[in-house]
Amino acid sequence: MSTTDRSLAPDRTDWTTVRSDFPFLERRIDGQPVIYLDSANTSQKPRQVIDAMSTFMATGYAPINRSAYRMAGEATDAYENARRAVARFVNAPSADEIIFTKNATESINLVATAWGRQNLGEGDVVVLTHMEHHANIVPWHMLAAERGIELRWVPLTADGQLDLTDLDRLLDGAKMFSFTAMSNVLGTLPPVEHLCTAAHAAGAVAFVDACQFVPHNATDVQAWGADLVAFSSHKMCGPSGIGLLWGRMELLDSMPPFIGGGNMIDDVRLDGFTTAPVPAKYEAGTPPIVEAIGLGAAVEYLEAIGMDEVRRHEMELTRYALDTLVGRYGHDITIHGPTNLEVRGGVLSFAFRDIHPHDVSQVLDERNICVRAGHHCAKPLMRLLGANATARASFYLYNTTDDVDALADALDGATDIFGL
Amino acid sequence: MSTTDRSLAPDRTDWTTVRSDFPFLERRIDGQPVIYLDSANTSQKPRQVIDAMSTFMATGYAPINRSAYRMAGEATDAYENARRAVARFVNAPSADEIIFTKNATESINLVATAWGRQNLGEGDVVVLTHMEHHANIVPWHMLAAERGIELRWVPLTADGQLDLTDLDRLLDGAKMFSFTAMSNVLGTLPPVEHLCTAAHAAGAVAFVDACQFVPHNATDVQAWGADLVAFSSHKMCGPSGIGLLWGRMELLDSMPPFIGGGNMIDDVRLDGFTTAPVPAKYEAGTPPIVEAIGLGAAVEYLEAIGMDEVRRHEMELTRYALDTLVGRYGHDITIHGPTNLEVRGGVLSFAFRDIHPHDVSQVLDERNICVRAGHHCAKPLMRLLGANATARASFYLYNTTDDVDALADALDGATDIFGL
Amino acid sequence: MAGLEDLYREIILDHYRSPRNRGELPTPPAVRAEGHNPLCGDEITVFIDVDDSEGEGVVRDVKVSGQGCSISQSSASMMSQAVIGKSVPEVLAVVKRFKGMMSLDTGNDDDTGADEPTIGTGGDGAEHPLGDLEALQGVVKFPVRIKCATLAWNTLLEALDQ
Amino acid sequence: MAGLEDLYREIILDHYRSPRNRGELPTPPAVRAEGHNPLCGDEITVFIDVDDSEGEGVVRDVKVSGQGCSISQSSASMMSQAVIGKSVPEVLAVVKRFKGMMSLDTGNDDDTGADEPTIGTGGDGAEHPLGDLEALQGVVKFPVRIKCATLAWNTLLEALDQ
Ligand SMILES: Cc1ncc(COP(=O)(O)O)c(C=O)c1O
Ligand SMILES: Cc1ncc(COP(=O)(O)O)c(C=O)c1O
């Protein structure tokens with residue numbers, strides 16, 4: 001579907017109502033509303049999620065998978081329902097393929113450690129891209145230090161897309177291709193399906209860091225043809241303290257465990273142990289029970305709105321923001337990343353005149369505008385951009401064009417102070 | 001202070017008020033109250049904790065350590081305040097020595113992996129005890145499988161205490177002594193200080209699994225002389241999704257990281273990375289933000305009551321339960337573990353006539369009495385007890401002697417059905 | 001709410017108190033599989049002796065050892081009775097039917113063919129194709145106990161897989 | 001709430017626009033240390049040349065390179081001015097005093113002795129022992145910026161440690 005088609009479709013969603021679901025956005029500081037433009041970092045939570053968690057803690061909290069009384073059974077069912085909801089949300093073939101971790105970072109470490117230790121030795125190749133988040137770099141560095149694997153990097157084009165010219169050569173002989181489905185700095189949406197196909201053609205496992213993608217787009221892990229996909233609850237209206245890993249059962253089944261302890265075992269003796277079936281095998285210890293309930297509520301919340309709607313809304317906001325900021329500030333603002341909205345999500349990293357991003361963010365904060373200034377946990381990418389920081393405004397379903405206007409207005413203030 | 005002294009002291013706490021702080025306990029099923037005796041598994045949450053989390057999500061939720069606007073600064077402060085509260089609660093010398101993990105199981109895996117890989121090789125010895133939870137067994141099995149370390153086990157006496165006769169011989173040449181501060185099956189409270197001293201005398205690191213201890217007793221990691229201590233939020237009135245590791249800074253500083261990603265780095269380049277200082281070094285990715293806030297509230301809640309009071313209350317409940325159950329059922333009930341309450345916490349694992357624990361729990365559940373039946377994630381210990389399961393009633397600050405009476409009454413029902 | 005009488009039927013308690021086919025079989029010729037219920041610690045060992053001398057293979061003998069709750073033990077006892085003397089395909093059909101009964105989803109017994117095997121000591125196969133095993137139907141109302149009831153059956157499948 | 005004018009004092013903006021002692025020094029004789037502010041990505045390199053020829057050691061020269069926000073850059077610039085020509089113990093005293101000013105805890109400046117070194121371009125040491133650096137006092141009202149202000153100083157300490 002092209003952008004134009006989408007804009008012509010009637011706007012089914014009342015975004016003002018959506019916004020009013022988020023109590024945080026009703027907060028006033030010095031009488032002024034808070035304008036939250038840091039959702040690529042972590043998202044706000046709708047009342048529905050907050051209430052689901054409080055209600056569960058107040059009336060239904062009980063252990064999972066351990067005790068046999070009804071309340072424990074009900075809590076376990078609620079926990080497993082959340083797993084089913086997540087599976088449905090990303091179109092996983094089976095709920096048992098969804099692993100609850102603590103965050104996407106743990107999901108990626110799980111794969112790098114469990115799969116990596118089993119399958120990678122001296123000289124084996126893992127391919128990453130220049131736009132990865134530290135979460136999809138450091139675990140591989142750790143593995144490289146431990147067992148001498150080689151890391152190769154897919155470079156970027158001038159407008160911040162993956163430069164795939166040499167992809168086949170890079171993938172040649174690789175055992176793993178791990179890449180982001182959306183850059184948290186540039187907003188770039190790489191061609192995931194194509195990359196998975198290329199990985200498989202080279203005999204590599206295709207691992208997708210979908211942290212930034214899943215919260216903002218309809219996700220279909222099967223259509224992607226991916227082998228493993230990591231994402232996080234806290235960026236998709238769900239609570240902190242829980243992350244996700246989806247993987248093909250065959251792979252999850254064959255990998256050794258990552259964290260050992262209760263719940264992930266079949267039997268434990270003084271001289272060894274055997275593991276429980278997936279997903280329990282990867283969920284050692286007391287899991288994020290309350291968090292799973294919250295995440296389930298978040299998924300239902302997003303499903304009710306529809307992820308295509310969310311994407312369309314964010315595309316419109318992004319177009320409006322690009323038009324407004326460039327229209328107003330021309331060459332005084334540099335917005336990184338692709339301008340074609342088909343391949344970019346609602347993340348705007350920018351440089352404003354010669355003012356340091358940290359100072360930009362300070363001036364915006366004066367008007368309660370929350371943007372992130374820094375390296376966005378992507379230092380290798382920042383070096384490529386020739387900056388050690390950018391300011392980043394990122395949108396979500398609760399943002400409006402008013403927020404964009406407020407951002408544009410507030411930038412003027414920076415000029416006043418720094419007189420540049 | 002002896003038991004008798006404690007009983008003579010005036011009861012400072014109004015336990016009925018305490019109980020009314022826990023909304024779960026007001027729940028009725030079929031008109032009957034819920035009697036929660038599964039706190040060794042996971043504890044219920046007071047209103048104060050639930051409210052702290054909801055309020056934070058509704059009005060203060062923002063990223064930690066990443067963005068520079070005020071709300072992010074405030075959220076970071078709140079998160080760090082929780083760290084300080086936990087440090088105070090266990091008398092850690094510095095808040096920076098408190099690491100937030102996802103649960104105690106991750107804390108133990110962190111040590112087994114990060115410290116273990118750095119310090120243990122073929123033939124090196126780790127000493128555990130026969131009363132460990134799977135969380136303090138499986139990570140060491142995993143390490144043993146990977147690098148051929150030797151595990152030695154401190155045996156038990158007939159009444160379920162550690163048999164320390166051969167301790168020095170077991171510790172001879174050991175590099176690590178990892179042991180529980182309270183058995184989750186037997187309630188046994190081993191002499192932690194003595195064990196730490198013995199570990200150090202042998203040149204071993206002393207690692208305490210304090211999961212069951214911290215929620216129920218005043219904890220002083222310095223008085224113990226421990227090197228590392230793991231525990232969990234969800235067992236101490238706090239939320240799920242967050243665990244704790246305390247360690248001496250010197251050790252934490254020298255260990256390599258466990259999970260790699262954002263926040264734990266100082267710098268990341270294409271060819272490697274450097275780590276951030278402790279605690280960030282061990283907190284990769286978006287941390288359990290909301291959960292830390294909840295845990296902070298839980299700590300404050302427990303502090304206001306006083307952990308000595310909690311311990312006294314549970315001692316009284318345990319004595320009452322032992323008296324009542326043995327008084328009523330005599331030899332028909334076998335309660336495992338020490339009878340000296342000075343060395344036992346409020347955990348009662350029992351066998352009732354010849355009825356299988358699972359059936360006992362079923363019958364109790366009919367009266368909304370929640371006990372755990374099973375191996376309690378301690379299969380090696382269960383084998384020693386000659387059972388593959390026990391029923392376990394465990395107490396916390398919200399339990400009363402009425403709960404004990406209800407348990408004792410309900411056990412009669414089991415006899416009716418099974419006619420034994 | 002389902003009452004305890006739905007769970008603890010007399011037939012179940014009878015099999016629990018006097019389990020049939022307890023014990024072990026020499027391996028080989030029998031094969032042996034172990035099952036654990038990680039929830040409650042139940043451990044069961046199933047020995048199955050299949051006579052492969054002609055065609056499909058016929059279950060000559062089954063023995064069960066291990067410890068467990070009333071539901072897992074009685075289900076194991078009934079299972080042993082239900083499969084002895086049956087051909088392997090017949091056994092698989094019984095397992096499938098039993099697991100169907102133990103499933104929380106309703107309406108998934110769309111494979112009630114005419115050629116279903118009858119089982120058990122009761123004998124009146126047409127109306128009660130699972131015989132004694134029907135007594136375990138009440139377990140479905142106590143979802144946490146389903147794993148107890150299916151433990152012996154899953155272990156049987158593992159043994160047959162060998 | 002503190003206004004932006006508390007943060008962005010004219011002196012600070014002046015040091016930001018025209019940073020003093022930018023550049024590098026040959027190592028050796030100088031030593032070099034790098035500092036990162038992981039929050040915002042600021043990177044700073046401090047070069048310090050200490051003349052150890054007699055006794056305590058005297059800071060002969062300091063240069064600063066790297067990129068950063070107005071606060072970290074101006075603080076680095078002022079730092080360089082404040083330490084050039086001082087003895088190592090004097091430098092340490094200035095660092096301590098500066099970090100004291102940047103600390104959120106109030107009332108921890110109980111070590112205001114008479115022998116405190118005076119610093120900076122302003123000169124009227126008695127009333128303003130930190131000279132220009134006093135302008136950075138407003139940063140404390142913006143706690144997330146404290147790390148920006150102290151970056152150069154921590155990096156200086158690292159360089160001195162070598
Ligand atoms: C003694 C002991 N150690 C470790 C654990 C594991 O704690 P968690 O489940 O929070 O990881 C538990 C609780 O289950 C326990 O009782
Ligand atoms: C692209 C990308 N990958 C990985 C992560 C790490 O996710 P988390 O912090 O939930 O572990 C993030 C978010 O910080 C991200 O944006």
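The chains referred to below are lettered A, B, ... by the order of the sequence lines, with proteins before strands, and numbering in each begins at 1.
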Next item on the list: Take E283(A) and Y79(A) through the test side-chain contact (heavy atoms from CB on, under 4.5 Å) and record every step on the way to the result.
Entry: CA-CA 13 Å; E283(A) 295 184 358; Y79(A) 179 78; 2.9 Å; yes
Note to self: Evaluate N41(B) against S67(A) for side-chain hydrogen bond (donor to acceptor under 3.5 Å, both in side chains), listing each step before the verdict.
What the structure shows: CA-CA 8 Å; N41(B) 198 334; S67(A) 293; 2.9 Å; yes
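When each of G285(B), P139(B), P288(B), C370(B) is scored by its heavy-atom pairs under 4.5 Å with chain A, the top score falls to C370(B). In terms of non-hydrogen atom pairs under 4.5 Å with chain A, the most contact-rich of F100(B), W140(B), W153(B) is W153(B). Between chain B and the options I369(A), N136(A), D271(A), heavy-atom pairs under 4.5 Å are most frequent for D271(A). Interface summary for chain A: among G272(B), C377(B), P239(B), the most heavy-atom pairs under 4.5 angstrom belong to G272(B). Note on H234(B), K45(B), R66(B): by heavy-atom pairs under 4.5 Å with chain A, the leading option is R66(B). Interface summary for chain A: among H130(B), M264(B), Q362(B), E26(B), the most heavy-atom pairs under 4.5 angstrom belong to H130(B). Note on V290(A), I108(A), L151(A), I259(A): by heavy-atom pairs under 4.5 Å with chain B, the leading option is I259(A). With chain A as partner, the option from H375(B), R117(B), E146(B) having the largest number of non-hydrogen pairs under 4.5 angstrom is R117(B).
Heavy atoms closer than 4.5 Å to chain B are found in both the backbone and the side chain of S54(A). With a threshold of 4.5 angstrom between heavy atoms, S361(B) approaches chain A through side-chain atoms but not through N, CA, C or O. Heavy atoms closer than 4.5 Å to chain B are found in the backbone of A62(A), but not in its side chain. For A58(A), the parts sitting under 4.5 Å from any heavy atom of chain B are the backbone and the side chain alike. For chain B, the nearby parts of N368(A) are the backbone and the side chain; heavy atoms of each come within less than 4.5 Å. For M53(A), the part sitting under 4.5 Å from any heavy atom of chain B is the side chain, from C-beta outward, and nothing else. For I242(A), no part lies near chain B; criterion is any non-hydrogen pair under 4.5 Å. Proximity to chain B (any heavy atom under 4.5 Å) is shown, for L270(A), by both the backbone and the side chain. Of the two parts of I265(B), only the side chain, counted from C-beta on, holds a non-hydrogen atom closer than 4.5 Å to a non-hydrogen atom of chain A. Interface remark: P256(A) contributes no atoms to any contact with chain B (heavy atom separation under 4.5 Å). Using a 4.5 Å cut-off between heavy atoms, V371(A) touches chain B through its backbone atoms (N, CA, C, O) alone. Contacts between R383(B) and chain A at a heavy-atom distance below 4.5 Å involve the side chain alone, from C-beta outward. Residue contact with chain B, scored on non-hydrogen atoms closer than 4.5 Å, is absent for R47(A). Contacts of R27(A) with chain B are made by side-chain atoms alone, with heavy-atom separations under 4.5 Å and no backbone atom involved. Of the two parts of F258(A), the backbone and the side chain both hold a non-hydrogen atom closer than 4.5 Å to a non-hydrogen atom of chain B. Heavy-atom distances place both the backbone and the side chain of D267(A) under 4.5 Å from chain B. Within the 4.5 angstrom heavy-atom criterion, only backbone atoms of S43(A) (N, CA, C, O) approach chain B.
Salt bridge present: D365(A) and R70(B) bring a charged side-chain N and a carboxylate O closer than 4.0 Å. Residues K281(A) and D266(A) are not paired through a salt bridge, judged by the lack of any N-O separation under 4.0 Å between the basic side chain and the carboxylate.
In the model, Y282(B) has no side-chain atom that pairs as donor or acceptor with a side-chain atom of E106(B) under 3.5 Å. No side-chain donor from either of S240(B) and E291(B) sits under 3.5 Å from a side-chain acceptor of the other. A side-chain N or O of T390(B) and one of H376(B) form a donor-acceptor pair less than 3.5 Å apart.
Side-chain contact check for L110(A) versus T113(A): every heavy-atom pair is 4.5 Å or farther apart. At a threshold of 4.5 Å between non-hydrogen side-chain atoms, the residues F24(A) and T59(B) do not count as touching.
Between F273(B) and H141(A), the two ring planes are parallel [angle under 30°; tilted spans 30° to 60°].
Remark: side-chain polar atoms of S107(B) are paired, donor with acceptor, to backbone N or O of N103(B) under 3.5 angstrom. At distances below 3.5 Å, at least one donor-acceptor pair connects side-chain atoms of K235(A) with backbone N or O atoms of A40(A).
Taking the side-chain hydrogen bond (donor to acceptor under 3.5 Å, both in side chains) definition, one finds that N388(B) meets it with nothing, sequence neighbours left out.
Here the closest non-hydrogen pair linking P357(A) and A391(A) is CB-N, 3.5 Å.
Ring-centre distance between Y398(B) and F22(B): below the 6.0 Å cut-off.
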